[in-house]
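To keep things clear, I will list the structure first and then write my remarks on it.
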Number of protein chains: 2
Amino acid sequence: MSLFLSSYENRLDAKGRISVPASFRAALNNEKFAGVVLYRSFTNKCIDGLSMSRMESLAAATDKMGVFDNALDDLSAMLFADARPIQFDVTGRIIIPADLLAHAGITNTALFVGRGNSFQIWNPDAFRAAQNKSLENLRASRPNLII
Amino acid sequence: MSLFLSSYENRLDAKGRISVPASFRAALNNEKFAGVVLYRSFTNKCIDGLSMSRMESLAAATDKMGVFDNALDDLSAMLFADARPIQFDVTGRIIIPADLLAHAGITNTALFVGRGNSFQIWNPDAFRAAQNKSLENLRASRPNLII
DNA sequence: TGAAAAACCATAAAATCCCATAATTTGATT
DNA sequence: AATCAAATTATGGGATTTTATGGTTTTTCA
């Protein structure tokens with residue numbers, strides 16, 4: 001499985017469609033499911049994205065764990081309930097559900113950010129702000145870190 | 001077999017019909033039986049649903065285990081006695097039996113909740129309450145779990 | 001005969017398909 | 001290195017299909 005790398009800023013059209021970056025689609029091109037799975041990020045004001053096959057392996061993992069751990073059973077239940085499978089159209093676009101857009105504060109343009117095995121979708125400004133902040137945090141906590 | 005993912009809130013009409021979400025129907029589209037199997041959830045105030053083929057594999061599994069496991073035998077007996085096979089109409093709707101609706105406290109609208117290999121049908125408010133509670137439980141038992 | 005179930009028809013909103021075009025990247029050739 | 005042609009990608013919009021939902025009629029069967 002190839003990785004999600006780099007960042008791409010794309011536009012939402014009048015119908016709410018947005019192109020998934022070609023290189024991200026390439027990272028998904030031998031998947032059975034021609035699309036992505038989206039989530040509200042638990043930690044950030046952004047959307048998390050991954051492949052269906054990765055979703056399935058997460059499902060399998062928590063499925064096994066659930067036998068020994070009720071809390072994790074709850075967790076996996078939540079995982080399924082919140083996952084949004086979304087198919088590409090012919091030209092590689094998706095429609096991001098309105099509640100996810102709202103959560104991420106996305107209106108006109110969105111930033112696709114590679115994260116290796118997954119990716120995120122951000123309001124471009126919010127992403128830059130968040131990145132600056134985490135840079136500050138890093139500097140504060142590790143003054144001699146080479147940055 | 002594809003997974004039941006995401007959540008969909010649909011309405012019951014005057015005759016008690018309700019559309020099964022298209023994506024759930026898609027997860028069932030090469031089943032012999034054009035419908036679902038419903039039963040009262042043992043653990044929650046909701047309805048559990050699965051495909052007929054999964055019902056059959058449960059039968060096969062408990063058949064093997066039942067000989068050695070009385071508790072499991074009881075459970076599966078209850079499951080089969082309680083299970084209700086319900087066919088889709090032409091447009092993909094079902095009629096949920098009144099006693100199941102009562103058990104789940106469903107009146108006007110119902111929430112179909114994906115659970116991977118199965119799904120649940122909830123009163124929307126009751127589901128949100130239950131989800132919040134299990135989130136609290138998770139936080140309490142695993143404070144550093146990222147949620 | 002009467003009530004419930006099934007079949008049938010209708011419709012608005014949403015999603016998808018199809019085609020077109022602008023922008024960008026790639027590659028080839030000088 | 002510069003330039004042009006070809007392919008790919010992002011974006012836009014109209015036409016078509018699907019989906020959820022509602023209502024009416026027919027069938028079933030107790």
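Chain A is the first sequence line, chain B the second, and so forth, proteins listed ahead of strands; every chain is numbered from 1.
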### Message
Can you tell whether the side chains of A:Glu56 and A:Lys32 come within less than 4.0 Å, N to carboxylate O?
### Response
yes
### Check: B:Arg17 side chain, D:dG23 base, donor-acceptor under 3.5 Å
yes
### Query
Is there a side-chain contact between A:Ile96 and A:Leu38 (heavy atoms, below 4.5 Å)?
yes
### Query
How many Å lie between CG on B:Leu12 and C1' on D:dA20, as a whole number?
12 Å
### Message
Among C:dC17, D:dA20, D:dG12, which nucleotide has an atom closest to any side-chain atom of A:Arg11?
### Response
D:dG12
### Message
Quick check: any donor-acceptor pair below 3.5 Å linking the side-chain of B:Lys15 to the base of D:dT24?
### Response
yes
### Task
Rounded to the nearest angstrom, tell me the gap between atom OH in A:Tyr8 and atom P in C:dT24.
15 Å
### Length of the CD-C1' vector between A:Gln87 and C:dT16, whole Å
10 Å
### Query
What nucleotide among D:dT11, D:dA10, C:dC9 has an atom nearest to a side-chain atom of B:Thr91?
C:dC9
### Query
What integer distance in Å separates A:Ile95:CD1 from D:dT19:P?
14 Å
#### Entry: Ionic contact status for A:Arg93 with A:Asp13, cut-off 4.0 Å
yes
### Task
Would you please indicate if the ring centroids of B:Phe119 and A:Phe80 are separated by under 6.0 Å?
no
### Query
A:Ile86 CD1 to C:dT16 P: how many Å, rounded?
9 Å
### Task
In whole angstrom, give the distance that lies between atom CD1 of A:Ile94 and atom P of C:dC17.
15 Å
## Note on the structure
Looking only at D:dA20, D:dT21, D:dT11, the nucleotide nearest the B:Pro21 side chain is D:dA20
### Query
B:Arg93 has an atom CZ; how far is it from atom C1' of C:dT11, in whole Å?
12 Å
### Task
Write down the distance between CG (B:Asp13) and C1' (D:dT19), rounded to a whole number of angstrom.
15 Å
